[in-house]
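By convention here, the first residue in the shown sequence is residue 1.
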Amino acid sequence: FALISGATNYFDITKDYLPGITRQMAIDDRPWHPPREGFYMTDAIADNAVKLLAGTEHDRDPFFCYLAFTAPHFPLHAPPEDIARHRGRYRGGWDALREARFARQQALGLTGPETALSPRDPTVLPWANTEDPELMDLQMAIYAAQVEKMDAGIGRVLAELRRSGKDRDTVVIFLSDNGSNAESDFRRFRSRELNRAPYLGGPESYEAYVDGWANASNTPFRKYKTYLNEGGISTPLIVAGPAVRAEAGSICREPGHIVDLMTTCAELGAAEYPRQFNGREISPMEGVSLVPLLQGRAAPRPRPIFWELEGRYAMRDGNWKLLGREDKPWELYDLSRDRAEMHDLAEAQPDRVRQMAASHEAWARRAGVQSWKKIKPTLVNVPG
């Protein structure tokens with residue numbers, strides 16, 4: 001059960017923000033058309049996951065459920081009663097919210113002494129200079145309602161696992177796909193009035209929250225989605241189930257990457273990753289298994305972790321992280337002492353920069369990375 005596109009209207013996928021784009025949902029290989037009344041994307045995704053799991057109750061074969069919510073991706077859409085529960089909670093503003101969240105992260109042990117709260121992003125106005133604090137509070141209230149809806153859906157899925165007894169031999173992995181997004185100005189797709197109260201949050205609006213809230217969501221790190229700073233790529237990974245031998249609620253500080261999930265799942269399922277498919281050689285797995293970490297042991301990583309995104313480059317080798325962009329000098333950070341990436345050590349350690357840059361270049365050649373300048377698509381103006 002899936003949405004064959006992203007960033008769509010949560011209430012009515014026929015109300016799109018780009019002219020000429022048709023959104024489509026499907027069940028298996030068949031088109032599925034949402035009802036025009038009473039539909040909300042997050043609930044539909046959770047409901048269909050519960051239905052899938054209920055259908056496996058007496059099935060002894062293993063199952064795999066990839067539960068890909070669109071929430072809380074923009075647009076800001078949530079039922080009015082859910083939004084109302086969060087109104088007023090964010091009138092203190094993003095500066096105060098960043099301070100409060102950082103203090104809570106420290107109290108919970110999510111951040112260590114190597115992490116300081118980065119300064120407010122240069123693109124963000126001080127909260128005291130905000131022209132419309134009520135609208136800003138509404139934006140974050142809708143976002144909170146979206147997250148709450150997703151939490152409730154996950155709760156229903158976990159309840160079904162417990163009801164059927166399958167929770168005893170099921171591993172649950174939860175993660176976000178990237179840091180928070182600061183691409184906030186979608187008013188060109190809808191009139192300004194529809195992106196304000198009382199319309200904001202409803203099916204006629206199409207808006208994301210502003211960069212101030214994105215900066216707060218990425219506390220304590222710098223930058224946002226599409227950047228390879230920690231604010232763009234550091235996301236939570238929560239794992240529960242019979243394979244987890246570490247103490248419940250414990251925090252693992254070793255780095256992992258999406259490429260590790262295939263390797264981890266193959267080990268958990270005692271599966272052999274194939275060398276060929278339909279007579280063709282396939283790429284070997286890039287990641288390492290995280291199973292030792294789930295059991296409270298060390299997980300050696302024999303090679304660095306690499307990134308490339310839209311002309312931005314990064315790699316992490318142990319606690320050292322290299323950051324760069326096309327035609328920009330490299331930056332170097334020691335994450336064991338500076339998790340928020342506020343002290344660039346590139347000038348102080350040129351040899352390390354050269355060695356890491358050469359390693360990244362070798363990976364980029366092997367992985368087929370191309371110059372973003374050469375492949376960047378041409379942007380077109382959207383009517384209206």
* Test Tyr333 against His343 for ring-ring contact (aromatic ring centres under 6.0 Å, His included), laying out the working first. => CA-CA 7 Å; Tyr333 299 98; His343 305 288; 8.6 Å; no
* To do: Could you grab the distance from atom CZ of Arg101 to atom CG of Leu110, nearest 0.5 Å is fine?
  => 12.0 Å
* To do: Say whether, by atom type as modelled, one donor and one acceptor occur between the side chain of Thr130 and the main chain of Asp132 under 3.5 angstrom.
  => no
* If every non-hydrogen atom of Ser205 is compared with every non-hydrogen atom of Leu76, which pair is closest and at what distance? -> OG-O, 4.1 Å
* Arg91 and Met136: side-chain contact (heavy atoms from CB on, under 4.5 Å), yes or no, with the steps? -> CA-CA 8 Å; Arg91 289 192 182 119; Met136 296 298 98; over 6 Å; no
* List the steps and the verdict of side-chain contact (heavy atoms from CB on, under 4.5 Å) for Met140 and Leu97. => CA-CA 11 Å; Met140 199 61 173; Leu97 185 62; 4.0 Å; yes
* Would you please indicate if the ring centroids of Phe11 and Phe39 are separated by under 6.0 Å? => no
* **Check: Asp260 main-chain N/O paired with Thr264 side-chain donor or acceptor under 3.5 Å** => yes
* Structure fact -> Closest heavy-atom pair, Ala243 versus Val171, reported as atoms and distance to 0.1 Å, is CB-CG2, 4.0 Å
* Using distance alone, with no hydrogens and no angle criterion, decide if Ser118 and Arg98 have a side-chain donor and acceptor under 3.5 Å apart. => yes
* Asked: Would you call Glu204 and Lys15 a salt bridge, taking side-chain N to carboxylate O under 4.0 Å as the test?
  -> yes
* Would you say the side chains of Ser217 and Tyr209 form a donor-acceptor pair under 3.5 Å? -> yes
Just list the side-chain donor-acceptor pairs under 3.5 Å for residues 311-318, sequence neighbours left out, or say none.
{"from": "Arg312", "atom 1": "NH1", "to": "Thr226", "atom 2": "O", "distance (Å)": "3.0"}
{"from": "Tyr313", "atom 1": "OH", "to": "Glu326", "atom 2": "OE2", "distance (Å)": "3.0"}
{"from": "Arg316", "atom 1": "NE", "to": "Gly318", "atom 2": "O", "distance (Å)": "2.8"}

* Would you say Gln276 has more than 12 foreign heavy atoms packed within less than 6.0 Å of its CD? -> yes
* Among the clusters formed by ILVMFWY side chains lying less than 4.5 Å apart, do Leu175 and Val244 turn up in the same one? -> yes
* **Same apolar cluster (I L V M F W Y, side chains within < 4.5 Å links), Ile45/Val172** => yes
* Asked: When you look at Tyr224 and Asn215, which way does the side-chain contact (heavy atoms from CB on, under 4.5 Å) test go after all the steps?
  -> CA-CA 7 Å; Tyr224 312 97; Asn215 196 198; 3.9 Å; yes
* If you take all heavy atoms of Met150 and Ala71, which pair is closest and at what distance? -> SD-O, 3.6 Å
* Asked: For Gly231, does its backbone N or O pair with a side-chain atom of Asn229 as donor and acceptor, under 3.5 Å?
  -> no
* To do: Check whether any side-chain heavy atom of Leu117 lies under 4.5 Å from a side-chain heavy atom of Thr111, and answer yes or no.
  => no
* Asked: Would you call Arg87 and Glu134 a salt bridge, using N to O less than 4.0 angstrom?
  -> yes
* Rounded to the nearest 0.5 Å, what's the gap from CD1 on Ile142 to CG on Asp137? Could you check? => 9.5 Å
* To do: Answer yes when Glu286 and Arg366 have at least one side-chain N-carboxylate O distance shorter than 4.0 Å, and no when they do not.
  => yes
* Asked: Is Met285 linked to Phe277 within one hydrophobic cluster, defined over Ile, Leu, Val, Met, Phe, Trp and Tyr using a side-chain heavy-atom separation of less than 4.5 Å?
  -> yes
* State plainly whether the residues Glu341 and Lys321 are in salt-bridge range, i.e. N to O under 4.0 Å. => yes
* Could you check Met25 against Ile4 for side-chain contact (heavy atoms from CB on, under 4.5 Å), going step by step and ending with a plain yes or no? => CA-CA 6 Å; Met25 297 189 72; Ile4 316 298; 6.0 Å; no
* **Atom CZ of Arg156 with >12 non-hydrogen neighbours under 6.0 angstrom** => yes
* Asked: More than 12 non-hydrogen atoms from neighbouring residues, nucleotides or ligands closer than 6.0 Å to CZ on Arg337, yes or no?
  -> no
* Asked: Less than 4.0 Å between a side-chain N and a carboxylate O, is that true for Glu207 and Arg196?
  -> no
* Just how far is it from atom CZ of Phe221 to atom CD1 of Ile233, taken to the nearest 0.5 Å? -> 9.5 Å
* Asked: Do Leu52 and Asn48 touch side chain to side chain, with heavy atoms closer than 4.5 Å?
  -> no
* Flag the pair Thr8 / Leu3 as yes when at least one side-chain heavy-atom distance between them is below 4.5 Å, and no otherwise. => yes
* Could you tell me whether a side-chain N or O of Asp12 sits under 3.5 Å from a main-chain N or O of Thr14, the two making a donor and an acceptor? => yes
* Minimum heavy-atom distance Trp330-Ala357, with the two atoms named -> NE1-CB, 3.6 Å
* How about Arg339 and Ser234: does a side-chain donor come under 3.5 Å of a side-chain acceptor? -> yes
* **CZ/Arg297: more than 12 non-hydrogen atoms of other groups inside 6.0 Å** => yes
* Indicate, with yes or no, if Ile305 and Met356 share a hydrophobic cluster defined by side-chain heavy-atom contacts under 4.5 Å among Ile, Leu, Val, Met, Phe, Trp and Tyr. => no
* Of the options Asp338, Leu332, Val353, which is the one that meets Leu345 in a side chain to side chain contact (heavy atoms under 4.5 Å, CB included)? -> Leu332
* State plainly whether the residues Asp169 and Lys166 are in salt-bridge range, i.e. N to O under 4.0 Å. => no
* Structure fact -> Separation between CD (Glu81) and CZ (Arg85), nearest 0.5 Å, reads 7.0 Å
* Structure fact -> Here the gap from Asn218 atom CG to Lys225 atom NZ, rounded to the nearest 0.5 Å, amounts to 11.5 Å
* To do: Using the six-membered ring wherever Trp is involved, compare the ring planes of His257 and Trp307 and label them parallel, tilted or perpendicular (cut-offs 30° and 60°).
  => tilted
* Between Ile173 and Phe69, is there a shared hydrophobic cluster once you connect ILVMFWY residues whose side-chain heavy atoms come closer than 4.5 Å? -> no
* CZ-CZ distance between Arg120 and Arg222, expressed to the nearest 0.5 angstrom -> 15.0 Å
* Asked: Quick check: does any side chain N or O of Arg301 sit under 3.5 Å from a backbone N or O of Pro255, one acting as donor and the other as acceptor?
  -> yes
* Structure fact -> Closest non-hydrogen contact found for Val288 with Pro302 is CG1-CD, 3.7 Å
* Full working for ring-ring contact (aromatic ring centres under 6.0 Å, His included) between Trp127 and Trp213 -> CA-CA 10 Å; Trp127 177 255; Trp213 294 131; 5.6 Å; yes
* Looking only at heavy atoms, which two atoms of Trp32 and Pro35 are closest? And how far apart? -> CH2-CD, 4.0 Å
* To do: Can you label the angle between the Tyr206 ring and the Phe74 ring as parallel, tilted or perpendicular, going by 30° and 60°?
  => perpendicular
* Asked: Do Ser289 and Glu267 have side-chain N/O donor and acceptor atoms under 3.5 Å apart?
  -> yes
* To do: Linking directly or through intermediates, with side-chain heavy atoms under 4.5 Å: list the remaining ILVMFWY members grouped with Tyr66, chain and number order.
  => Phe64
* To do: Could you tell me whether Tyr199 atom OH has more than 12 heavy atoms of other residues or ligands within 6.0 Å of it?
  => no
* Asked: Do His77 side-chain atoms and Gly201 backbone N/O form a donor-acceptor pair below 3.5 Å?
  -> no
* Asked: Just by distance, do the side chain of Gln146 and the backbone of Pro75 share a donor-acceptor pair under 3.5 Å?
  -> yes
* To do: Mark yes when over 12 heavy atoms from residues, nucleotides or ligands other than Glu247 sit less than 6.0 Å from its CD; otherwise mark no.
  => no
* Output yes when Arg365 and Glu361 qualify as a salt bridge under the 4.0 Å nitrogen-oxygen rule, no when they do not. => yes
